[in-house]
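As structure tokens, the structure follows; a few thoughts come after it.
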Amino acid sequence: MKILLLGFNRKTKSYTVKKLVKELKKRGHTVNYMSWRALVFAFSTKKGVSIQRINGTDLKYYDYVIPKSPIKSSKTDTEGRLSRLYRHYYLVVRYINQHHKHALNEKTIQKLPVYDKLFQYYLLSNEGLPVVTSRLYTGKQTPSSVYDKFKKPYIVKSIEGLAGKQVFLIKDKEEIPDLVKSFGLGKLLVQRYIPIKHDYRILVLGNKVIGGMKRTSADDDFRTNVSRGGTADKIEPSKEMKDIAKKAAKVFGAEFCGVDLIKYKGKFYILEVNIFPGFEGFESATKINVAEQLVSHIEKKYLWSLEVEFNKKEKKAIFKDLYKIEKENLEKPLTEKGFKKTLKERDLIVIRKEKKPIAYLTHYKKENTRRVTRWGITPKYRGQRMGRRMLRALISISIKEGDEKINAVLPASNKKRQNTYKRAGFTKTEKLEGFFEEDDGLVFEYKIIPSKRVKGAGLTRPKSKKKKGGKKKKNTKKKKAEK
């Protein structure tokens, strides 16, 4: 499979990149790199939207995208652009999903439209999860109603800060106006200061905690980040820590994330949820191979490819694999001869995983209607939206080919398959009694709605003809006047 590491630099490979590449290549995947600065978003009336690498490669050709944090924040507002570049990630996810591909943590865009601490604290608090008491003021002043709620000193941090950067221990609120000038209005979060010497990083993968570490701050720093001189040790997370971490991941729809916790007077608080976590320090402290577990999770859940164009030779090459699926069909399987004839006469859509077919759909076009004739899904992958994915691909084909509608006849007793068609946008139109040997048939149909541009082009008379007609009438009047 083709994997894209988005936001990584090929020349200066970090520990995380090296480990990911090693695990991916070991399993036979092709890996490409690109920086966030090398994205090209293209928009046109004829071709629509495309997102490409600077070399022209379209992102839709990759099977999976593993992103890194859009950009590291730095001191000034003009350079600290994490939340603004997160919108690029948002569009990348929407684009590749549109082409039946996936990205790590893609569901976070539905829960977290802007990636910063303000949105994080809003969502976590809204779900009743324990967070450090915080306030954010959007003005320039330092009103007592905001800052006097906390005992001095207190913490002030930029909502776009990363890795312990842009976090300040404030002893006098008169220091804050200068910070506002540096970071901008509404960009500073004020928090109660909790005097602790260590915090905990819990890694969550696929709704399971894979491990935890304790980070202890350096002697002269109130922050515990390893990147700032702190030390890390392996811990066995308690049930309470695991529950909080999994709930926090769920709030953001994150399948892989690092949840930072602190404990004060017997109670845990969430400091931050990082949905683009590196894991060099974590692996060093815990000896857990995070990269291996992450790649294994990605393969198990996502690494499949959908193909829609096959010639005779390609059909012949995968016939045996497809027939294995056909023999386990929920409907009465075709004979080997009958299935071979179907593949020869019909167009084909195939989903592969680990290079082997796991689902197929056959179809053909008659006049202006596209008809689904057969489909099958390996039992192991039923219930994972394979049918819906193939139907959506078929809809894309029909729109491109100018079809008016798509239809299929389903067994009346197969409620699950009927539900798949409904979720893909099909509607039930009629019942065919005795269509199958032991069952009635139900016709499901999807109507292709022409775009306004296509419809207009077919109904509007060219302006040039109107002009010619107008001139002729004027000439006729002139001749009558002369007579």
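This chain uses plain numbering: 1 for the first residue, then up along the sequence.
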Taking only residues two or more places apart in sequence, or in another chain, which ones meet [X] in a ring-ring contact (aromatic ring centres under 6.0 Å, His included)?
| X | value |
| --- | --- |
| Y90 | none |
| Y154 | none |
| Y121 | none |

Could you check if a side-chain atom of [X] sits within less than 4.5 angstrom of a side-chain atom of [Y], using non-hydrogen atoms only?
| X | Y | answer |
| --- | --- | --- |
| W36 | H88 | yes |
| V204 | I210 | no |
| K405 | E445 | yes |
| Y269 | L261 | no |

First locate atom [atom1] of [X], then atom [atom2] of [Y], and finally report the distance between them rounded to the nearest 0.5 Å.
| X | Y | atom1 | atom2 | result |
| --- | --- | --- | --- | --- |
| K380 | I358 | NZ | CD1 | 9.0 Å |
| R370 | H363 | CZ | NE2 | 5.5 Å |
| R135 | R192 | CZ | CZ | 14.0 Å |
| M241 | I244 | CE | CD1 | 8.5 Å |
| I170 | Y193 | CD1 | OH | 12.5 Å |
| K2 | L59 | NZ | CG | 12.5 Å |

By side chain to side chain contact (heavy atoms under 4.5 Å, CB included) - contacts of D243 (at least two apart):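 D243: side chain to side chain contact (heavy atoms under 4.5 Å, CB included) contacts with K239, K246.
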field: Residue K247 excluded, over 12 heavy atoms near NZ under 6.0 Å
entry: no
message: Are there over 12 heavy-atom neighbours, none belonging to K18, within less than 6.0 Å of that residue's NZ?
response: no
In terms of side-chain heavy atoms, does [X] have a donor or acceptor partner in [Y] at a distance below 3.5 Å?
| X | Y | value |
| --- | --- | --- |
| D260 | Y200 | no |
| E106 | N97 | yes |
| K157 | Q191 | yes |

- prompt: Quick one: do R27 and E299 make a salt bridge, cutoff under 4.0 Å?
  reply: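 Between E299 and R27 there is a salt bridge, with a charged N closer than 4.0 Å to a carboxylate O.
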- request: Flag the pair E255 and K107 as a salt bridge only when some basic side-chain nitrogen lies within less than 4.0 angstrom of an acidic carboxylate oxygen.
  value: no
Give me the ring orientation class for [X] and [Y]: parallel if the planes are under 30° apart, tilted from 30 to 60°, perpendicular past 60°.
| X | Y | value |
| --- | --- | --- |
| F256 | F279 | perpendicular |
| H102 | Y302 | tilted |
| Y421 | W375 | tilted |
| F183 | F168 | tilted |

Donor-acceptor contact below 3.5 Å, side chain [X] vs main chain [Y]:
| X | Y | result |
| --- | --- | --- |
| N289 | E292 | yes |
| D321 | K356 | no |
| E283 | A291 | yes |
| N105 | T108 | no |
| T286 | F282 | yes |

Step-by-step side-chain contact (heavy atoms from CB on, under 4.5 Å) determination, T378 to Y360: CA-CA 9 Å; T378 303; Y360 73 87; over 6 Å; no
message: Quick check: F426 with F444 (ring centres under 6.0 Å apart)?
response: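 No, the ring of F444 stays outside the 6.0 Å limit from the ring of F426, centre to centre.
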- prompt: Taking the six-membered ring where the residue is Trp, are the ring centres of Y122 and F119 under 6.0 Å apart?
  reply: no
- request: I would like to know whether Y115 and F276 meet side-chain contact (heavy atoms from CB on, under 4.5 Å); could you show each step before the answer?
  value: CA-CA 11 Å; Y115 189 68; F276 302 102; 4.0 Å; yes
query: Which pairs, with at least one residue in residues 53-62 and sequence neighbours excluded, count as a salt bridge (charged side-chain N to carboxylate O under 4.0 Å, His left out)?
result: none
Would you tabulate the side-chain donor-acceptor contacts of residues 392-400 under 3.5 Å, counting partners in other chains and residues two or more places apart, or write 'none'?
from	atom 1	to	atom 2	distance (Å)
S396	OG	R392	O	3.2
S398	OG	L394	O	3.2
S398	OG	D403	OD2	3.0

